[in-house]
Each structure stands twice: as C-alpha cells, then as structure tokens.
Amino acid sequence: MNKTANNLAELIGDTPLVKIASLSQLTGCDIYVKCEFLNPGGSVKDRAALQMVTDAIDSGKLKPGMTIVEGTAGNTGIGLAIVAKSLGYDLEVVMPKGQTKEKEQMIELHGAKLHLVDAVPFSNPAHFYHTARTMAENNPKYWWADQFENLSNSKAHFTYTGPEIYQQTQKDIDVFVSVAGTGGTLGGISKYLKSQNTDIKTVAVDPDGSGILNYLAQGKHIASEGGSFTEGIGIMRLVENFKQAKIDYAVNLPDQDIVTVANYVRKHDALVLGSSSALNVTAALFSAIQFGPTNGGEKQTIVTIACDLGERSISKLYNEEFLASKNIDINKQSIEQLIEKYLANTESLKKVDFSA
Ligand code: PMP
C-alpha cells in the first residue's frame, strides 16, 4: 500500500483484518477483527459519514455553503467532521451528555460546533435525534445526515466493508458478529455476506439495557435487564439501516464479560479496544465456543469489527474507579472462567431469523 491522497476523506475504508491470536488459540478457531479504528477519524462511522455526504452532494440535497447537522453518540460526529472539512462544509453536532469526554473534545478539536443535550428517552422532543432534525427543519441552509434512517449508511458497508471482509477471508468465513447502533454496519455487511453465501452465520450482539435481542427473539423492543457503559450501540426502535440486516442469531452479554475480554486482549494482543469493539470480540469468543471445536464443532473462521480504540473509552472501560461504581471488578473472572461459563451456557445464543 502506497497511498497518496488529496484529503483525509479519501483515506476512509480499505482497512486490514487482524487475527486475535490469543483467543484463536484458546478456542481452536480463527477470530479476526476488521481494523475500523484505522480510518482517519478512528472509527467505523467514517464510512457512513463519507457515504451519506457524498450521496447527498450527488443528489443535490447538500449544496456548497450549506451546513451539515447530525445527532450522534460521538463517532459519527468525528467522521462527519473529517468529511465536512475535507469537502468544504461546516458541521454542527448534537450529542447527548454522558458520552466520554474524549469524543466531545475530538469533535471540537476538528472545528465542529458541538451542542450537548440531556440524555432523554427517544419519545422526548429534546432527544439528540429530534434536536438535530428540528435544527435542519428550521433552517434551509442545514442538511441533516440522519444516520439512523439514511440508507447511505448501510450502503457504505454493503458496497465496501462487506466485500472487503469476503475478499480478505478468501471467501472462507463461517461467522460474522456485530453490535448495532444504527445497524448500518451489521445491516450492510450481513446483507452482503448473505448475498454471497447463505451458510455464513450472522450474529447480532446486544449490551445490557438495549432492546435488540428481545426485538429479534420476540418482536418487541423490550430493554434487557441492567445497563451498560458501552456507547453508540443498542437501540429501542426499529430503524431503516437495521432493517437491512440478515441475522441468524442474537446474544446479550454483560459488561463484566466485556471487561474480562478487553483486558485479556489488551495484555496478549496489543489491542486496546473501545467498548463496543470489546463487546464484539466477547461475542466472537462466545460464538467460537458455541460453534467451534470446544463444543464438538469444526474450526470456525469468525470476523467481527474493531469499531474504535480504547482511547475513547479510557474514562470508563479502562477506569477501575468507574467500573467499581458499576459493581464491576476487573479481577472477578479469568478468561478461562469465562470460557467455562460460555461452555456451560448454551441458552444465551438465540436462534432468530431476521430478514426484513
Ligand atoms: N461502535 C461505536 C464505537 C459506535 O460509535 C457506533 C455507532 N454509534 C457503533 C459501534 C455502531 O455502529 P452502527 O451505527 O453502524 O450500528
């Protein structure tokens, strides 16, 4: 690779896959992460940002001199900041309070205007989503990206991320695992992989307090018990990008497991993962145990997404004081104990058949 680019936006995508050697060895499977943290904005959301903006320019909705506005947990804001500046647009970002300071600071350092709003349920008009929408409705100079309903988001993953994964595994992929926020990543990639081979198993993973698992298993967005310190994932409503997904299995895993896995791969694989990535890798481990040799199955090639790095989660996932306030002890369970727990637990992986 010997790239020369005219601006940072041109460097979005085309990310490598890396094997997580430690967990692969423990499970007898090949577990890979797609290094989306290597995008210039440091997350998987750069891809959605670029596709949404370029599609809007192409369709004439976003014209020179207009301002992009978006509601986001942070990473889409950072991605949009890079795309906006690269292509010559201003950006205003609406974020709920309580996300890590690291993301708020990055958005401001990139020169976007940040509006922090209270974290309220979606039904409240002050929700970050409605705030961004209303700003755009009230000002013809604003263009609202709308990452939840704007299908350019999942299109980025159907057109690029999915094919990259298929090619990087030489079409030899057994399981794809992903969290969902808007569902763009899961939607686009699972739809592409299934279009190539319906035998590829797709697994959606959900944090505590989210409604995706119950929606997939029972048709209703009922929140699972507890809450999660993960950010940007989990959702309580069905949105267009999620609807693109083709999902065979769903699992809900607790923050305590995320902490065990994050610290294990941090120590063994030089990967300091962000919290949603750590949940992805935890679910990849869970899938390796359920489908692979430890449970009498064949060796599986499993791919998941490293959505961002731990730099954006230092104040939560890697902060023992914060974890203690959530009753999480980083020394509570070893990786071997977690694997034993997953071996004994065949019920958590729910067979679903989501294909809207
Ligand atoms: N991980 C992180 C860190 C994110 O910020 C997001 C998006 N908010 C996701 C995962 C989920 O990605 P998607 O919106 O494509 O479902």
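First listed ligand is number 1; within each ligand, the first listed atom is number 1.
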- Task: List every atom of ligand 1 that sits less than 4.0 Å from any heavy atom of G232, numbering the atoms from 1 in the order shown and giving each element.
- Result: 6 (C), 7 (C), 8 (N), 9 (C), 11 (C)

- Have a look at ligand 1 and work out which part of H157, if any, has a heavy atom under 4.0 Å from it: side chain, backbone, both or neither. neither

- Message: Parallel, tilted or perpendicular, judged at 30° and 60°: which one describes the rings of F354 and F242?
- Response: tilted

- Message: Applying a heavy-atom cut-off of 4.0 Å, say which part of A73 lies close to ligand 1: side chain, backbone, both or neither.
- Response: neither

- Message: Which label fits Y166 and Y192: parallel for a plane angle under 30°, tilted from 30 to 60°, or perpendicular past 60°?
- Response: perpendicular

- Item | Interatomic distance, L80 atom CG to K85 atom NZ [nearest 0.5 angstrom] | 13.0 Å

- Note on the structure: Taking only non-hydrogen atoms of D308 and a 4.0 Å limit, the atoms of ligand 1 in range are 3 (C)

- Task: Look only at the side chain of N7 and the backbone of E10, and say whether a donor-acceptor pair between them is shorter than 3.5 Å.
- Result: yes

- Note on the structure: Restricting to heavy atoms, the pick from V179, T185, L273, T72 nearest atom 15 (O) of ligand 1 would be T185

- Exercise: do N153 and T182 side chains pair donor with acceptor under 3.5 Å: yes

- Message: If the test is side chain to side chain donor-acceptor pair (under 3.5 Å), which one of R312, E231, K103 qualifies with N75?
- Response: R312

- Query: Judged by non-hydrogen atoms, does S43 sit under 4.0 Å from ligand 1?
  - Reply: no

- Salt bridge or not for E164 and R47, using N-O below 4.0 Å? yes

- Message: For E298, is there any backbone N or O sitting under 3.5 Å from a side-chain donor or acceptor partner on Q300?
- Response: yes

- Query: Can you tell me which residue and heavy atom of the protein come closest to atom 16 (O) of ligand 1, and the distance to 0.1 Å?
  - Reply: G181 N, 2.7 Å

- Query: Considering S275, S154, S277, S276, which one's heavy-atom position lies nearest to atom 2 (C) of ligand 1?
  - Reply: S276

- Message: Return the closest protein heavy atom for atom 13 (P) of ligand 1 as residue, atom name and distance.
- Response: T182 OG1, 3.4 Å

- Item | Contact atoms of ligand 1, heavy-atom distance to N75 under 4.0 Å | 2 (C), 3 (C), 4 (C), 5 (O)

- Note on the structure: So the atoms of ligand 1 within less than 4.0 Å of a heavy atom of A180 turn out to be 16 (O)

- Could you tell me if any non-hydrogen atom of L186 lies under 4.0 Å from any atom of ligand 1? no

